[in-house]
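First the structure, in the form of structure tokens, and then the observations on it.
So you know, we letter chains A, B, ... as the sequences are listed, proteins then strands, and number each from 1.
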There are 2 protein chains.
Amino acid sequence: MIRLVVAEDQTMVLGALVALLDLEEDIEVVGRATNGDAALALVRALDPDLLVTDIEMPGRSGLDLAQLLKEEGRRTRVLIVTTFGRPGYLRRALEAGVRGYLLKDAPSEQLADAVRRIAAGQRAIDPALADSAWDYEDPLNDREREVLRLSEHGNSSKQIAAILGLSPGTVRNYLHEAAQKLGAGNRIDAVRVARQNGWL
Amino acid sequence: MIRLVVAEDQTMVLGALVALLDLEEDIEVVGRATNGDAALALVRALDPDLLVTDIEMPGRSGLDLAQLLKEEGRRTRVLIVTTFGRPGYLRRALEAGVRGYLLKDAPSEQLADAVRRIAAGQRAIDPALADSAWDYEDPLNDREREVLRLSEHGNSSKQIAAILGLSPGTVRNYLHEAAQKLGAGNRIDAVRVARQNGWL
DNA sequence: GGCTAGGGATGACAAAAGTCACCTGCAACG
DNA sequence: CGTTGCAGGTGACTTTTGTCATCCCTAGCC
């Protein structure tokens with residue numbers, strides 16, 4: 001029997017995924033969580049074979065979870081199930097030692113398959129994504145990421161400068177650099193491209 | 001027996017929802033679709049009691065579906081199950097005659113409940129949302145919506161003007177008006193606010 | 001020490017966005 | 001017919017962005 005903890009912030013989707021997995025004879029869902037912190041506590045308490053988790057959740061993200069579990073040296077393996085096929089995400093996931101990465105776009109039958117493969121010590125990476133994982137390096141440095149994040153909410157350069165304790169000119173320079181690196185013509189476009197690739 | 005068609009663009013979530021609903025003795029999922037057009041065809045062919053559908057899907061949206069079914073005078077009732085609690089969405093849904101509106105954040109048990117209530121001729125609107133539906137009117141007119149949508153992708157006023165056959169000045173004016181109405185200081189903020197409320 | 005490379009930061013100038021007063025044309029109404 | 005009101009549209013002016021050359025400081029190297 002494969003023992004699972006499932007983490008997913010949308011309660012209804014969580015319930016549905018559990019229903020799907022519980023249909024399988026050899027799989028047992030022993031815990032469910034709707035945020036990263038609860039999932040972490042459950043994994044520590046229950047020591048399951050697998051953690052099936054979304055990435056974007058309140059509190060700790062699925063990627064944070066994988067990283068932490070790896071650092072703690074736990075035996076629980078991680079399977080990411082997410083909406084986002086962003087290369088940056090998969091890459092960070094692999095670096096955090098996850099064993100599987102599926103998209104919610106994939107057929108639901110693949111879920112149980114992936115669980116079994118990972119429980120058996122194999123991997124289960126969405127093949128379409130596996131290729132692209134290393135195609136696009138994140139070209140942004142920390143400052144650039146920071147100003148992009150702040151400009152995302154409509155802050156002006158002046159406001160961003162005030163927040164970071166810089167001059168407005170410098171902020172514009174960072175945004176410009178970032179836009180250049182991303183092949184974007186302005187900050188709006190730059191934010192879009194960066195988001196799309198999982199670099200924010 | 002309540003006969004359902006389920007539409008949801010993320011295949012895995014679709015599979016999971018179907019698994020959840022199929023657990024119920026009195027509910028039968030007779031069709032599933034991953035886009036709006038397929039869902040429409042299924043409803044026409046199978047004449048189910050209910051259509052359970054997401055809003056944001058490729059092709060026709062769940063709201064479009066509800067509108068069409070209403071116009072065709074079909075007996076199939078519509079239950080929306082979506083991520084987004086945007087007042088504008090709920091409002092449009094109600095105007096399109098949907099019988100139920102649930103959030104994916106709601107507990108999964110509510111899904112079967114809602115299905116039964118709607119099949120019995122009642123309604124099932126998420127109570128937290130029901131209040132807010134009429135709080136916020138969409139203040140935008142068509143032009144304003146249009147320019148906001150175009151500016152979303154980083155187009156400049158000049159580019160938007162070229163697309164719409166206007167002068168750049170006019171475009172800036174529309175953007176300005178929209179920002180004013182939305183209480184935003186610039187176009188980026190305006191787009192954010194409008195999206196958040198389901199007005200784009 | 002002197003030289004150099006590179007990240008962090010600045011200011012000057014051109015282009016685009018934001019702001020506002022105003023000009024249509026057309027439909028409603030007396 | 002006025003004329004009133006109002007959505008659609010424009011141009012002039014100010015502020016903010018985009019672009020680029022340059023400076024400063026620190027670290028590493030001869």
Side-chain angles (χ1 to χ4, degrees), chain A residues 88 91-92 95 136-200, chain B residues 87-88 91-92 95 134 136-200:
Chain A
R91 180 170 186 157
R92 274 191 275 163
E95 285 168 356
Y136 304 105
E137 288 259 359
D138 179 354
L140 303 174
N141 62 34
D142 294 344
R143 281 291 199 291
E144 289 158 1
R145 229 189 315 284
E146 182 109 43
V147 293
L148 277 182
R149 273 210 205 94
L150 288 168
S151 75
E152 191 168 17
H153 306 300
N155 286 311
S156 69
S157 299
K158 204 198 287 183
Q159 293 173 307
I160 298 173
I163 295 170
L164 298 178
L166 302 177
S167 92
T170 306
V171 170
R172 275 185 278 126
N173 262 353
Y174 283 133
L175 285 171
H176 179 57
E177 263 178 74
Q180 286 268 317
K181 289 181 177 177
L182 298 173
N186 56 43
R187 56 186 70 188
I188 307 177
D189 217 24
V191 167
R192 233 195 61 243
V193 172
R195 273 252 161 260
Q196 216 164 48
N197 286 289
W199 294 330
L200 284 188
Chain B
R91 181 173 184 154
R92 272 191 277 163
E95 286 168 354
W134 307 96
Y136 304 106
E137 287 258 0
D138 178 353
L140 303 174
N141 61 34
D142 294 345
R143 282 294 200 289
E144 289 158 1
R145 231 190 314 284
E146 182 108 44
V147 293
L148 277 181
R149 275 212 202 94
L150 288 168
S151 76
E152 192 168 16
H153 306 300
N155 286 313
S156 69
S157 297
K158 205 198 289 183
Q159 293 172 308
I160 297 173
I163 294 170
L164 298 179
L166 303 177
S167 93
T170 306
V171 171
R172 290 206 309 275
N173 261 354
Y174 284 134
L175 250 12
H176 178 55
E177 261 178 75
Q180 286 267 320
K181 290 181 178 177
L182 299 173
N186 56 44
R187 55 185 73 189
I188 307 177
D189 217 25
V191 167
R192 234 195 58 243
V193 173
R195 273 249 162 263
Q196 216 163 47
N197 287 288
W199 294 329
L200 284 188

Of all residues at least two apart in sequence or in a different chain, which pass the side-chain hydrogen bond (donor to acceptor under 3.5 Å, both in side chains) check with [X]?
X      : answer
B:R143 : none
B:R187 : B:S157
B:T170 : B:S167

Encode nucleotides 15-24 of chain C as B, S and - characters from 5' to 3', where the letter depends on protein heavy atoms closer than 4.0 Å: B to the base, S only to sugar-phosphate, - to neither. -SBBBBB---
Once you apply a heavy-atom cut-off of 4.0 Å, does B:T170 come out as touching a base, just sugar-phosphate, or nothing? base
Should B:Y174 be listed as having a side-chain N or O under 4.0 Å from OP1 or OP2 of D:dG8? no
side-chain contact (heavy atoms from CB on, under 4.5 Å) partners for [X], two or more places apart:
X      : answer
A:R192 : A:D189, B:H153
A:L140 : A:D138, A:E144, A:R145, A:L148, A:A178, A:L182, A:A194, A:W199
A:Q196 : none

Quick one: list whatever passes salt bridge (charged side-chain N to carboxylate O under 4.0 Å, His left out) with B:E152, sequence neighbours left out. B:R195
One should read off an interatomic distance between B:I163 CD1 and B:E146 CD, to the nearest 0.5 angstrom, of 9.0 Å
In this structure, how many angstroms lie between the P atom of D:dC6 and the CD atom of B:E177, rounded? 14 Å
Does anything in residues 143-152 of chain A reach DNA chain C, meaning a heavy atom under 4.0 Å, and if so which residues? A:R143
